[in-house]
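Take a look at the structure set out below.
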Amino acid sequence: MKIVELNIKNYRVFRDARLREVPDLCVLVGANGSGKSTLFDVFSFLKDALTLNVTKAFMRRGGFSEVVTRDSKGPIEIEVKFRESGGRLATYSLQISSDNGKGIVEREILKFRRGQRGQPWHFLNFSRGSGFAIVNEEDYGDPHAEPKREEQALESPDILAIKGLGQFQRFRIVSEFRRLIENWHISDFHIQDARPSAEEGLAEHLSSRGENLSLVAQYLHDYHPEVFGEILERMKSRVPGIQTVDAKPTEDGRILLRFQDGAFKDPFIARYVSDGTIKMFAYLVLLFDPTPFPLLAVEEPENQLYPVLLGELCEEFRAYAERGGQVFVSTHSPDFLNAVRLEEIYWLSKNNGITEISKASSNERLKRLVDEGDLPGVLWNQGLFEGADPQI
Amino acid sequence: MKIVFLLEERSMKITLEGVLPRLIPGVDFQCIPHAGKQDLEASIPRKLHAWREPGIRFVIVHDQDSSDCKKLKKKLIELCKEGGRADSVVRIICHELEAWFLGDLIAVEKAFGKKGLSKNRKRKRFRNPDSLANPFQELKKMIPEYQKLSGARKIAPLLDLETPGAHSLAVFLNKIREIVISNPRQ
């Protein structure tokens, strides 16, 4: 299941923005403040609205008036086009507003794309807490089939229907979409959080800030030794001196991450290892996850890393996407971008407070320049992604 | 028409962006900085090949380094031919960008608010700044806070384009005027 298009209206800097033909690895560039993080936040907002409710999703962001585009009354519209596991294109669209501080779902629809046989079926069609769902989804595509509707009421107008209905297996496509959004994961790795030991326990996935790094390392070491071996091999070739990394339980029931440098007898505990070493190890642990997140976002992975390593890191992001996840990366690094394909790059440009999203491979000149042998990061540095540079 | 300037580095881009709107008002231009000479040379045929806009003219701007000026120009013209655009203009300009600034100490004085600096302009060395061995060091001596990028940003918009002090700047400006005159608006 993959996202193919995202349309956003009236969400912060995005008055009317479109991310088209989204690839498995989607790399965003743009000046500071152009909206890269806000684009990620659209997914986080959806996740908050789904797992909590729309009112709380607004509250976490300072209220509706902070989220809606300046000078706009709304509603905020988010439309996600995705290919469901059966291979068909589906569209989820959401219109939300606010009434006296409470979030309101004005409209929530999940449908297959128009243009296939007959009218597209609206699997979900809800407004302000009530609406209907189609219960015979398996009949879709049969020319004689009629949709069977079932009226439903939600507990409150700020609850998403995909939350209420997505838990039922009979609404297959609804629950599939719900799982996708629920599993949106931003890696906002903080080295200071990952350094200390973690309390003993089990962790299969690296957390957003990375504070469970030592637990995940231990998990991979114990349950996926071949994956752990691969991570070690890559560490050895990228960080001079590193021989092995292990996670050791301490007497007080904690797990300590240790790095062994070939030149020294005793291993270094994570606290004394360089930022770049920890970061590289954390990315490898994240990217070699045996069960990848379906939607992963990473902000500026280049920080603290040696530029030459970024090409391979980029390939690892792509490999992760090819194993089933979809990866969104924001970057300010030409070296990273040099390893990215033009059709994987989008750039954000801000004009009068409003951001537009451009797809690099839709620009004929950039395409020809890459055909001539120029690398994307170089072209970006040369100012050929028009509007991407800050206007200084 | 549109003129695309292929440049060695960013300070020249900043300088031209401070000069061109006054020199050729209304003419569309784009400045593409590179990461030094080798990067520029590798880029020339690619850019010339890939650019398909009608009415486009390319200007290659290269510093005069220690190598033989004529040989260098010949090499750059070859690269333009390789890119399929023999009509490109190649300019080997000056030893260092700062020579242009030293030739206009009135602009430097205004840019940095250093009263009295411009009285040095009568001195022989500043009447022919192109012959200075190390213009950057000279400028830094006068303006200790001078930095390449922010300095160009301050000085370039103030450069006198009618009576430029540096001979190499005068020649360069005339060449650009010529290109615009010989290419009627399309």
Side-chain angles (χ1 to χ4, degrees), chain A residues 29-32 34 302 305-311 314 331-345 347-351 356 358-392, chain B residues 2-18 20-21 28-56 58-61 79-85 88 147-154 156-157:
Chain A
V29 296
N32 297 320
S34 63
E302 64 270 18
L305 297 182
Y306 194 72
V308 167
L309 302 178
L310 296 176
C314 171
T331 184
H332 287 303
S333 161
D335 294 291
F336 186 84
L337 211 57
N338 277 342
V340 182
R341 298 185 195 124
L342 198 62
E343 49 290 3
E344 294 169 330
I345 303 172
W347 82 89
L348 278 61
S349 43
K350 199 173 179 184
N351 247 322
E356 261 186 63
S358 310
K359 185 172 169 72
S361 59
S362 299
N363 183 304
E364 280 304 314
R365 180 175 304 144
L366 288 176
K367 253 168 72 181
R368 279 199 296 269
L369 285 165
V370 167
D371 287 345
E372 290 291 336
D374 270 335
L375 294 173
V378 171
L379 293 171
W380 176 50
N381 235 350
Q382 291 172 346
L384 291 163
F385 286 30
E386 269 164 57
D389 289 353
Q391 298 303 310
I392 47 171
Chain B
K2 178 174 175 178
I3 309 178
V4 177
F5 292 86
L6 302 185
L7 313 168
E8 268 184 51
E9 39 73 57
R10 210 164 280 274
S11 61
M12 181 54 91
K13 172 182 157 84
I14 293 171
T15 303
L16 292 188
E17 284 171 351
L20 294 171
D28 196 8
F29 67 88
Q30 184 169 358
C31 296
I32 304 179
H34 289 77
K37 297 176 203 310
Q38 284 169 346
D39 187 38
L40 170 64
E41 287 168 22
S43 169
I44 291 170
R46 293 176 191 158
K47 296 293 186 296
L48 269 47
H49 250 154
W51 228 281
R52 301 273 170 82
E53 266 170 74
I56 198 105
F58 282 92
V59 177
I60 319 294
V61 182
L79 289 171
C80 293
K81 284 187 190 154
E82 196 185 307
R85 283 193 174 266
S88 303
Q147 305 284 345
K148 275 189 161 294
L149 302 181
S150 61
R153 207 181 296 284
K154 282 194 182 118

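Only this structure's heavy atoms are used, side chains among them; waters, hydrogens and symmetry mates stay out. Proteins get letters first, then strands, A, B, ... in listed order; numbering begins at 1 in each.
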Does a side-chain heavy-atom distance below 4.5 Å link [X] with [Y]?
X      : Y      : result
A/E372 : B/L48  : no
B/Q30  : A/E386 : yes
A/Q382 : B/D39  : yes

Could you walk me through whether A/V378 and B/R46 pass the side chain to side chain contact (heavy atoms under 4.5 Å, CB included) check? CA-CA 12 Å; A/V378 171; B/R46 293 176 191 158; over 6 Å; no

Where on B/R10 is there a heavy atom nearer than 4.5 Å to chain A: the side chain, the backbone, both, or neither? side chain

In terms of heavy-atom pairs under 4.5 Å with chain B, the winner among A/K367, A/E364, A/R368 is A/R368

Gap separating the NE2 atom of B/H49 from the CG atom of A/D371, nearest 0.5 angstrom: 12.0 Å

For the atom pair CG (A/L369) and OG (B/S43), what is the distance rounded to the nearest 0.5 Å? 8.0 Å

Sort out for me which of B/K13, B/R52, B/H34 touches chain A most, counting heavy-atom pairs under 4.5 Å. B/R52

Step through the shown structure and confirm whether more than 12 heavy atoms of other residues, nucleotides or ligands are within 6.0 Å of CD on A/E356. no

Surrounding CD of B/Q38 (heavy atoms of other residues, nucleotides or ligands, distance under 6.0 Å), is the total greater than 12? no

A/L366, part contacting chain B, at a heavy-atom distance under 4.5 Å: neither

